[in-house]
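Since the structure is predicted, the reported quantities are computational estimates derived from the model, not experimental observations.
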Amino acid sequence: GTGAGARGLAQRGAEVWGVDSSAGMLRVAEERNPELRWRKADALHLPSDWEARFDVVTSFGAFGHFERDDMRRLISEARRVLADGGRFVFVTASPPPRLSLSYAMAASFDGIMRLRNALWKPRFVMYYLQFFVDEARSELESLGFTVHTVPLNKLHPRLFAVVATAC
C-alpha cells in the first residue's frame, strides 16, 4: 500500500521492509517514506532470501486483495519468512450479522467484484467478507501458530488484533 503502517512502525524504532506487488503503490510508498526499504514482491511468493529472517510480519488492510483460496498460502509465506518465535500480527474483525445492512452491502460489493473479475481482465481483487477472526485463527493454528486475539476497543467490538506466534 502507501506505507502508512510501515511508517508508524519505523517511527517506533523498527527496521521495516515494505512489500507490494503493485509498482504504482510502491512508488507512492517510496515517495512518502524514502527512508524505508521497499521491495516489489507478491506476498504469496515472498523473496527466497527472506527465509526465517523477520521477527514480525504484519499486514495493513491487505487481506481483501487476496482470494479466499490464497489465504493458506499467504499465511505459509508469512511463516516461512518468520524467525522461530516470530509473530504474524494484524487486525481483522468478526463478521457482521447476516441480516444486517452492513452484511448486505458487503456481500453485494463482493458479488459485483466477482462478476467484474469473471468478465474483465486484468482482474482487480477487492473483497470485504473474508478472513474474519475465527477463520484466521483456524488457518493459523492449522499451520502451527499459537494464536491470541485481543479486542481492540469498546467502540469497535467487532475488531480484533491477532498475534500469531510461530512455533
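Residues E77 and I75 are not in side-chain contact: their nearest non-hydrogen atoms beyond the backbone lie 4.5 Å or more apart. Residues V19 and L46 form a side-chain contact, since some pair of their non-hydrogen atoms from C-beta on lies under 4.5 Å apart. Here the side chains of F90 and F63 are in contact, with some heavy-atom distance below 4.5 Å. Between V91 and F60, every side-chain heavy-atom pair lies at or beyond the 4.5 Å cut-off. Taking 4.5 Å as the limit, every side-chain heavy atom of F132 sits out of range of all side-chain heavy atoms of S94. Side-chain contact between V162 and V89 is absent, with no heavy atoms from C-beta onward closer than 4.5 Å. Side chains of F124 and M113 form a contact here, defined as non-hydrogen atoms less than 4.5 Å apart. Residues R87 and D55 form no side-chain contact, since every pair of their non-hydrogen atoms from C-beta on lies 4.5 Å or further apart.
Of the possible donor and acceptor atoms, one in the side chain of W38 sits under 3.5 Å from a partner among the backbone N and O of N33. Side chain of S108 to backbone of A104: a donor-acceptor contact under 3.5 angstrom is found. Side chain of D110 to main chain of Y128: a donor-acceptor pair is present (N/O by atom type, distance under 3.5 Å, no hydrogens or angles). Side chain of E135 to main chain of F131: a donor-acceptor pair is present (N/O by atom type, distance under 3.5 Å, no hydrogens or angles).
Here the CG atom belonging to L74 is positioned 7.0 Å from the OG atom belonging to S59, to the nearest 0.5 angstrom. Of the inter-residue distances, the one linking L82 atom CG with T165 atom OG1 reads 9.5 Å to the nearest 0.5 angstrom. With values rounded to the nearest 0.5 angstrom, L143 atom CG is found 13.5 Å from R80 atom CZ. If you take CZ on R137 and OG1 on T92, they are separated by 12.0 Å, rounding to the nearest 0.5 Å. In this structure, CD on E15 lies 8.0 Å from CZ on F54, to the nearest 0.5 angstrom. Between the CZ atom of R12 and the CZ atom of R7 there is a distance of 11.0 Å, given to the nearest 0.5 Å.
Considering every non-hydrogen atom in both D70 and L44, the closest pair reads O-CD2, 3.5 Å. Across V16 and A10, no two heavy atoms sit closer than the pair CG2-N, 3.7 Å. Closest of all the heavy-atom pairs between P47 and A41 is CD-CB, 4.0 Å. Of all non-hydrogen atoms in S102 and P96, the two that sit nearest each other are OG-CB, 3.4 Å. Residue A93 comes nearest to L159 through the heavy atom pair CB-CD2, 3.9 Å, listed as atom of the first residue, atom of the second, then distance.
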Is there a side chain to side chain contact (heavy atoms under 4.5 Å, CB included) between V81 and V57 once you walk through the steps? CA-CA 8 Å; V81 301; V57 170; 3.7 Å; yes
Worked verdict on Y103 versus L129 for side chain to side chain contact (heavy atoms under 4.5 Å, CB included): CA-CA 8 Å; Y103 184 88; L129 295 178; 3.7 Å; yes
Can you list the steps and then say if V163 with T149 is a side chain to side chain contact (heavy atoms under 4.5 Å, CB included)? CA-CA 6 Å; V163 180; T149 58; over 6 Å; no
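Using a cutoff of 4.0 Å between basic side-chain nitrogens and carboxylate oxygens, R73 and D42 are not scored as salt-bridged. No salt bridge links E30 with K40; every basic N to acidic carboxylate O contact stays at or beyond 4.0 Å. For the pair E31 and R27, the salt-bridge criterion is not met [side-chain N within less than 4.0 Å of a carboxylate O].
The distance between the ring centers of W17 and W50 falls below 6.0 angstrom.
With Y127 as the partner, the side-chain hydrogen bond (donor to acceptor under 3.5 Å, both in side chains) test is satisfied by one option alone out of E67, H65, R68: E67.
Taking a 6.0 Å sphere around CE of M105, one finds it holds 12 or fewer heavy atoms contributed by other residues, nucleotides or ligands. Counting non-hydrogen atoms of neighbouring residues, nucleotides and ligands closer than 6.0 angstrom, the CG atom of L99 reaches no more than 12 such neighbours. The environment of R79 atom CZ is dense: over 12 non-hydrogen atoms of other residues, nucleotides or ligands sit within 6.0 angstrom.
Side-chain atoms of R72 and S142 form a donor-acceptor pair, as typed in the model, at a separation below 3.5 Å.
Note: the hydrophobic cluster containing M71 also contains L140 (ILVMFWY, side chain heavy atoms under 4.5 Å, direct or indirect links).
Using cut-offs of 30° and 60° on the angle between ring planes, the pair F145 and F88 is tilted.
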